Amino acid sequence: MVIVRAMGGLGNQLQQYALYRKLEHMGKDARLDTSWFFDKELQAGMAAGRDLELAYFEKLPYRRATDTEIRSVLGRLWEEPESAGAKLRRKLCPSKAPSFEESGMYHGEIFSMDRKYLTGYWACDKYYADIMDILRKDISFPRSADETLQKKNEETIRLMEETQSVSVHIRRGDYLDDVNAALFGGICTDAYYERAMGYMRERLPGARFFLFSDDGAYVRERYQGEAYQVIDWNRGKDSFYDMMLMSRCRHHICANSTFSFWGARLNANQDKIMIRPSIHKNTQVCIPEQMKELWKGWTLITPQGDTV
């Protein structure tokens, strides 16, 4: 049995779910552990608690790991914190440890593992790009209980389908906090967005940009004119409908955010253009050959506005 831990926000949850489904597709006896969302101690270091947003999707197919199954894989680690010696042994000989923790951009070795508990975010496209058709069928957005909101989203989808629509994700909010800014700030710069939009305009005459942001006032001031439309009415628990709207655009400009990565991934159009920043965090270094292998089909743009 292989168990994948689910944690974090919606984009991360979908990546963990996607890895679980990839393992299952390979014939593995896989499970998804959702207990993180119901343990306040595990979320103690977070500024705000996270909900299991996978539960918002209709009939999402997965097998949840039971306490017994988790204990059978983790053994003593289920009840006791991992000692310094155990952590060292896991790093030196990961194949013999009951758990495996993501430490790099891509770990192809996890697909040959068994009786393992996997912890990580698994953002890399290469993990599950080959089963995206399956995932698109799995991830079904429900109809909103708010008929006014449902109607507004439907009208927006029609407009997206009738135009050369491009989703643009501009994430500010928590990325402006001191800690997050050090890790995620300065990546999706004005130069990044200017080059990304220019790239789209060169290939898509009449491109219309649908702007998704947690700072509506900023984007309204920054981007004015008929070519831009700000999407800011899906809020709170309804914010996941922004991902649905992103996915209905024809093309995509993503932030360094897994939320907009999934907006692009869920678009089934074969001719879509997907742009993402060349790095996700400031601790990363872009190695062009590696990134193009791990993110096939994506266009990479640096914070300085250069196409990789």
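As the structure is a prediction and not an experimental result, all values here were calculated from the model.
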Which of these, F259, F240, F57, W122, sits in a side chain to side chain contact (heavy atoms under 4.5 Å, CB included) with L14? F57
Identify whether NZ of Lys or CZ of Arg in [X] sits under 6.0 Å from the centre of the six-membered ring of [Y] and within 45° of that ring's axis.
X: K22; Y: F111; value: yes
X: R64; Y: Y62; value: no
X: R172; Y: Y218; value: yes

Can you pull the salt bridge (charged side-chain N to carboxylate O under 4.0 Å, His left out) pairs that have at least one residue in residues 244-253, sequence neighbours excluded?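 Sorted pair list: E161-R248.
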Thinking salt bridges, do D146 and K152 make one under a 4.0 Å N-O criterion?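 No, this pair does not count.
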Using a strict threshold of under 4.0 Å (side-chain N to carboxylate O), is an ion pair present between D238 and R235? no
Is the W295-F261 ring centre distance short of 6.0 angstrom?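 Yes, ring centres under 6.0 Å apart.
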Taking the ring centre of each residue, are W262 and Y128 less than 6.0 Å apart?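 For W262 and Y128, the ring centres are under 6.0 Å apart.
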Please determine whether residues Y193 and L300 belong to a single hydrophobic cluster, defined as Ile, Leu, Val, Met, Phe, Trp and Tyr linked transitively by side-chain heavy-atom distances below 4.5 Å.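 Different hydrophobic clusters.
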If hydrophobic clusters are built by linking Ile, Leu, Val, Met, Phe, Trp and Tyr wherever their side-chain heavy atoms come under 4.5 Å apart, do L60 and F38 end up in the same one?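 Per the 4.5 Å side-chain linkage, L60 and F38 are co-clustered.
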Give the intermediate values and the outcome of side-chain hydrogen bond (donor to acceptor under 3.5 Å, both in side chains) for residues S35 and D33. CA-CA 6 Å; S35 61; D33 176 16; 2.8 Å; yes
Applying side chain to side chain contact (heavy atoms under 4.5 Å, CB included), run through E293 and Y106 and close with a yes or a no. CA-CA 11 Å; E293 168 64 22; Y106 182 73; over 6 Å; no
Pairwise side-chain contact, I273 with Y199, heavy-atom cut-off 4.5 Å (strictly under): yes
With a 4.5 Å limit on heavy-atom distance, are the side chains of H251 and R203 in contact? no
Where do F100 and E109 land on the side chain to side chain contact (heavy atoms under 4.5 Å, CB included) test, with the steps shown first? CA-CA 10 Å; F100 180 89; E109 66 270 27; 3.5 Å; yes
